[in-house]
Amino acid sequence: MTSKPRVLICGDIVWAHEQVQFLLGPIAEVVRMDSSSREEFYKELGGDGKFSGTVAIYRHNSSADRIGVFDKDLVEHLPSSVKWIAHNGAGYDQIDVDACKSKGIKVSNTPGAVDDATATTALYLLISVTRLYCLGERVVRDTSKTASGSPGWKPSGISNSAHDPSALVLGILGMGGIGLRLAYLCRAFDPPMRVLYYSRSVKPDMPDWAEYVQSQDELLERSDVLSVHVPLRDDTVGLIGEKEIRKLRKGSYIVNTARGKIIDEEALIGALEDGHLAGAGLDVYPNEPNINPKLLTFSNVALLPHMGTETREAQCKMEVRALTNIKDFLEKGAGRDLIVEYQ
C-alpha cells in the first residue's frame, strides 16, 4: 500500500483541530513538531528522524519560540522532499524566501483571512488619533493629576485639534484585501471619507469612489491620513522615511498595521515632535516586542501591541486557510495563496 505524504505541523493549531483531520487526514500523514530546540529539530529532519520525508510544512510564528525563524540556515537543513511551506499569516518576513526559492520550495500565506480583523484595527487607530480618543483615555486613566485621586477629565480646547474622519482624505498605500476593507469601512461615515490609493498597478474592479493616484508622492501630498498596507520586503524597508513624511500635509496622520520597519521610526518621531504630524496610530514596531520609549510620551499617538489579527474568528480563518493551501498543494500541485515573489 502506498504511504501518504508527510505533512509537518510546525507551531500551534489553536482553533482548527477538527479541520486538520477533515482537510488533511484522508490524504496525508500529519506529524507535529515537538522539538524543544533548533538542534533537536535538525536531528529529527534527517536520516530516520520522525520529520524526515516531509513534503509540506504548516508554519505558525509560535514555532520561532523553540526553533527560531525560517532563516537561510533552517531552510537549508530542510530535507529535499519539502516542496511547500504554508505560512499562517499575511506577513511572511520570518521566512527567507530567497533561500526557499533556491531550494525549490514554494511559500504561501493567508491574505484574505486577516482582512477584516486588520482593517478594523486600522479603523480603530484612525478614529483614536483623529478624534484624540487616545488622549482622552490617557487623561481618564491618570488619577495622579487630580487632588482627590479621581479620574481626570477632558482637556480644555480638545475640539481645536480633533477632527471628524469624514472631513479628511484617506490615502491607502498598498490596496490589497486589508486596504480595500478599510476603504469600505471608512465609506460608512457621513459624508464618506474620500479614498485615494497607490499600489504597484491599478487594481481591477475597484469601486469608482476609490481614486488611483499615479505615484506614491502624489498619494502623500494629497492625503490627510496615510494608512500603510504593504508587505515587508527588502525594497519596502524604510519606504516611508524623512522625505516621504515631509511630503505629507502638515497636521496629517499616519496609521501603520503592516510592519514596523516599513516606516523610519526616527523620522516619524521627529515629525511628531515638531508638529508636522498631528498624530499616529501604530500596531507594529521595528524591534518587537520592544517599543521605542519616546513613542510612549506622545498623547496624540495610539499604540497597540501588534494585535491586528488577534480575534478568535481571524485566527481560525488563518489556520484553515493555511491548511487548505497544503491540501490544494497535495491534490492539485499548488495552493491558491502563493506569495508574490513566485508570481
One pair to check against side-chain contact (heavy atoms from CB on, under 4.5 Å): Lys83 and Ile105. What are the steps and the verdict? CA-CA 4 Å; Lys83 298 300 178 186; Ile105 301 171; 5.6 Å; no
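- Formation of a donor-acceptor pair under 3.5 Å by the Ser37 side chain with backbone atoms of Glu40 is found in this model.
- In this structure the side chain of Val31 never reaches within 4.5 angstrom of the side chain of Lys50, judged on heavy atoms.
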Applying side-chain contact (heavy atoms from CB on, under 4.5 Å), run through Asp71 and Ile95 and close with a yes or a no. CA-CA 6 Å; Asp71 56 16; Ile95 300 175; over 6 Å; no
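- A salt bridge links Glu211 to Arg222: one of the charged nitrogens lies within less than 4.0 Å of a carboxylate oxygen.
- Residue Leu304 is not grouped with residue Val114 when hydrophobic side chains (ILVMFWY) are merged at heavy-atom distances under 4.5 angstrom, including chains of intermediate members.
- Around CG of Asn290, the count of heavy atoms belonging to other residues, nucleotides or ligands within 6.0 Å exceeds 12.
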Could you walk me through whether Asp73 and Arg38 pass the salt bridge (charged side-chain N to carboxylate O under 4.0 Å, His left out) test, one step at a time? CA-CA 10 Å; Asp73 184 68; Arg38 178 172 285 211; 3.7 Å; yes
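- Here the closest heavy-atom approach between residue Phe329 and residue Val55 is recorded as CE2-O, 3.9 Å.
- With salt bridges taken as basic N to acidic carboxylate O contacts below 4.0 Å, one links Glu29 and Arg6.
- Contact annotation: the side chain of His17 never approaches that of Gln21 to less than 4.5 Å [non-hydrogen atoms, C-beta and beyond].
- Minimum heavy-atom separation, Leu170 to Ser227: CD1-CB, 4.1 Å.
- A pairwise comparison of heavy atoms in Ala86 and Ala322 identifies CB-O, 3.4 Å as the closest pair.
- No side-chain donor-acceptor contact under 3.5 Å links Arg336 to the backbone of Ser108.
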Please test Val228 against Val230 for side-chain contact (heavy atoms from CB on, under 4.5 Å), starting from the C-alpha separation and ending with a verdict. CA-CA 6 Å; Val228 179; Val230 297; 4.1 Å; yes
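- Side-chain heavy atoms closer than 4.5 Å link hydrophobic residues (I, L, V, M, F, W, Y) into clusters, and following such links, possibly through other members, connects Leu180 to Leu126.
- Side-chain atoms of Asn300 and Leu135, non-hydrogen and from C-beta on, never get closer than 4.5 Å to each other.
- In this structure a side-chain-to-backbone donor-acceptor pair under 3.5 Å is missing from Asp164 to Ala167.
- Using a 4.0 Å cut-off between charged side-chain N and carboxylate O, Asp224 and Arg194 make no salt bridge.
- Pairing each heavy atom of Gly25 with each of Lys4, the nearest pair is O-NZ, 2.9 Å.
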Might you work through the ring-ring contact (aromatic ring centres under 6.0 Å, His included) test for Tyr58 and Trp84, ending with a clear yes or no? CA-CA 9 Å; Tyr58 165 96; Trp84 198 276; over 10 Å; no
Go through His87 and Tyr92 one step at a time and tell me if the ring-ring contact (aromatic ring centres under 6.0 Å, His included) criterion holds. CA-CA 7 Å; His87 175 63; Tyr92 45 90; 7.3 Å; no
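- Within 6.0 Å of NZ on Lys43 lie no more than 12 heavy atoms contributed by other residues, nucleotides or ligands.
- Using a 4.5 Å cut-off between side-chain heavy atoms of Ile, Leu, Val, Met, Phe, Trp and Tyr, with links allowed through other members, Leu220 and Tyr212 fall into the same hydrophobic cluster.
- Contact check for Pro79 versus Phe51: no side-chain heavy atoms found under the 4.5 Å cut-off.
- Taking the side chain as every heavy atom from C-beta outward, Val7 and Thr54 never approach each other to under 4.5 Å.
- A salt bridge between Arg181 and Asp116 is present, with a side-chain N of the basic residue lying under 4.0 Å from a carboxylate O of the acidic one.
- A salt bridge links Arg246 to Asp274: one of the charged nitrogens lies within less than 4.0 Å of a carboxylate oxygen.
- Cluster membership for Val69 and Val82, using ILVMFWY side-chain heavy atoms within less than 4.5 angstrom, is not shared.
- Figure legend: cation-pi geometry between Lys203 and Tyr197 absent, as NZ or CZ is not positioned both under 6.0 Å from the six-membered ring centre and within 45° of its axis.
- Although no hydrogens or angles enter the test, the distance criterion places no donor-acceptor pair under 3.5 Å between the side chain of Ser223 and the main chain of Val169.
- The side-chain tip of Arg66 does not point at the ring of Phe41 from less than 6.0 angstrom away and within 45° of straight on.
- Side-chain N or O atoms of Thr324 include one that pairs as donor or acceptor with a backbone N or O of Val320 at under 3.5 Å.
- Distance alone, capped at 3.5 Å, places no donor-acceptor pair between the Asp12 side chain and the Val14 backbone.
- More than 12 heavy atoms of other residues, nucleotides or ligands lie within 6.0 Å of OH in Tyr342, so this atom counts as buried by the packing criterion.
- No donor-acceptor pair under 3.5 Å is formed between the side chain of Asp283 and the backbone N or O of Thr257.
- Counting non-hydrogen atoms of other residues, nucleotides and ligands closer than 6.0 Å to CD of Glu331 gives a total above 12.
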Quick one: do Leu132 and Ser161 satisfy side-chain contact (heavy atoms from CB on, under 4.5 Å)? Show the steps, please. CA-CA 8 Å; Leu132 284 177; Ser161 301; 3.7 Å; yes
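- Using a 4.5 Å cut-off on side-chain heavy atoms (C-beta onward), Arg59 and Ser63 make contact.
- Counting heavy-atom neighbours within 6.0 Å of Asp48 CG, excluding the residue itself, gives a total of 12 or less.
- Residues Arg32 and Asp34 are not paired through a salt bridge, judged by the lack of any N-O separation under 4.0 Å between the basic side chain and the carboxylate.
- The backbone N or O of Asp328 sits nowhere less than 3.5 Å from a side-chain atom of Asn325 that would complete a donor-acceptor pair.
- Ile339 and Ile262 fall into different hydrophobic clusters, defined by Ile, Leu, Val, Met, Phe, Trp and Tyr side-chain heavy atoms under 4.5 Å apart, directly or through other members.
- Of the possible donor and acceptor atoms, none in the side chain of Tyr133 sits under 3.5 Å from a partner among the backbone N and O of Thr130.
- Looking at heavy atoms from C-beta onward, Phe70 lies in side-chain contact with Ile85 at the 4.5 angstrom threshold.
- By the 4.5 Å heavy-atom criterion applied to side chains, Trp209 and Tyr184 are counted as neighbours.
- Between the side chain of His276 and the backbone N or O of Ile245 there is at least one donor-acceptor pair closer than 3.5 Å.
- In this structure, Arg321 pairs ionically with Asp337, as a charged nitrogen and a carboxylate oxygen lie closer than 4.0 Å.
- Residue Lys103 qualifies as enclosed at atom NZ: its count of foreign heavy atoms under 6.0 Å is above 12.
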